[in-house]
Amino acid sequence: MISEVAFAKINLYLEVTGKRPDGYHDLVSVMQTVSLADTLTFRACEGNAAHLFCDAAGLPTDGKNLVIRAANAFFAVYGAAFGVEITLQKRIPAAAGLGGGSADAAATLRGLNRMAGCPFSPGKLREIALAVGADVPFLVEGGTALCRGIGERIAPAQNRADGVFVVAIRGEGVSTPAAFAELDRLFGEYADYLPKNSPEGLLGALTQGDRHRAAALLYNSFEEAVLPLRPAARELKEALLEGGAAAALMSGSGPSVFGWFDNENTAERAAKNLISGGARAFVCHAVSDTFSGKD
Ligand code: C5P
């Protein structure tokens, strides 16, 4: 039996810059994996298909789950399917902007690659990953990266800024397509969109380990589209700042919000307060490398 940890991602920077003819959107994003994670275990079984077992109520375990989609994508490129039972312990909130389903898919690609004797390099796994979802290629290796295109053009970056994150969520999720549709409405389908920001300053501050400068440069286009629709997310953002976060930002298309804290104690206290107010909150750290099957 082998296991893989599927780390969630947060977006330290996310600017949607245009709409493509295929309906997807171009974006510029600084992604960071964090220690909030699901766990997957893989066990060989009879037959030639992947079977998913999951402890979370309401989560599909058939072809609608990205784990099964990733397994089928892997088998197609590998040229053969084999029997595998995959058990998923879910901890990352779903439909929250934390890449939970995508992280599970990426962990599935890593796990099946190990089961098969590591036939594929990380680069090849990223290629397979793109067919499963836009965030999956980054999550194959995780760490810190500047991602462009729909997320598939990945330039690894360094984050020496340390600190502690509190990831919080309350209330309903928003579907990613609905959040993009709201952005299209706000930005007039991006016909004359000019980038408002640039991630360069943030990347420089992360490399230099200047957390306070980095915190001031966090940005997410989706805040404009989603915060007005999700007052609970707005309140969480305010509560994180009042609780001592150097900055707080929505992650992905929301509605999760993360705060960036200087130390563990302040972060723990802020998380406790949010939980006693009815939110879910997780104290976590940046994780620099998620790949356990390197060849
Ligand atoms: O690739 P993924 O399945 O995560 O994307 C879900 C949906 O989000 C897509 O069907 C698309 O509507 C939207 N999307 C987009 N541009 C991206 C990523 C996702 O429009 N870069």
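A quick note: this is a predicted structure, and the numbers were derived from the prediction, not measured. Start at 1 and go down the list; that is how both ligands and their atoms are numbered. Start at 1 with the first residue, then count along the sequence.
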Kindly confirm or rule out an N or O of Leu27 lying under 3.5 angstrom from an N or O of ligand 1.
-> no

Going by the angle between their ring planes, with limits at 30° and 60°, are Phe222 and Phe180 parallel, tilted or perpendicular?
-> perpendicular

Centroid-centroid under 6.0 Å between Phe165 and Phe282 rings = no

Top protein contact for atom 7 (C) of ligand 1, by heavy-atom distance = Pro177 CG, 3.9 Å

What protein heavy atom sits nearest atom 19 (C) of ligand 1, and how far away is it?
-> Phe180 CE1, 3.5 Å

Without hydrogens or angle criteria, can the side chains of Tyr13 and Gln32 be said to hold a donor-acceptor pair below 3.5 Å?
-> no

What is the nearest protein non-hydrogen atom to atom 5 (O) of ligand 1, stated with its residue, atom name and distance?
-> Tyr24 OH, 3.9 Å

Out of Gln158, Arg213, Arg160, which one pairs with Gln208 under the side chain to side chain donor-acceptor pair (under 3.5 Å) rule?
-> Arg213

Pull out every atom of ligand 1 sitting under 4.0 Å from any heavy atom of Ile150, numbered as shown with elements.
-> 21 (N)

May I ask whether Asp135 places a heavy atom under 4.0 Å from ligand 1?
-> no

Say whether Thr176, considering both its backbone and side-chain N or O atoms, lies within less than 3.5 Å of an N or O atom on ligand 1.
-> no

Enclosure of Asp62 CG (heavy-atom neighbours >12, cutoff 6.0 Å) | yes

State the atoms of ligand 1, each with its element, that fall below the 4.0 Å cut-off from a heavy-atom position in Gly23.
-> 20 (O)

Steps toward ring pair (Phe, Tyr, Trp, His ring centres under 6.0 Å) verdict (Phe74, Phe120) = CA-CA 10 Å; Phe74 181 92; Phe120 299 131; 5.4 Å; yes

Under 4.0 Å from any heavy atom of Gly133, which atoms of ligand 1 are there?
-> 1 (O)

Answer yes or no: is there an ion pair linking Asp26 with Arg148, defined by an N-O contact shorter than 4.0 Å?
-> no

Output the list of atoms in ligand 1 that are nearer than 4.0 Å to some heavy atom of Ala134, sorted by atom number.
-> 1 (O), 2 (P), 4 (O), 18 (C)

Any idea which protein heavy atom is nearest atom 20 (O) of ligand 1, and the distance to it?
-> His25 ND1, 2.7 Å

Ala279 versus Leu236, closest heavy-atom pair with distance | CB-CD2, 3.8 Å

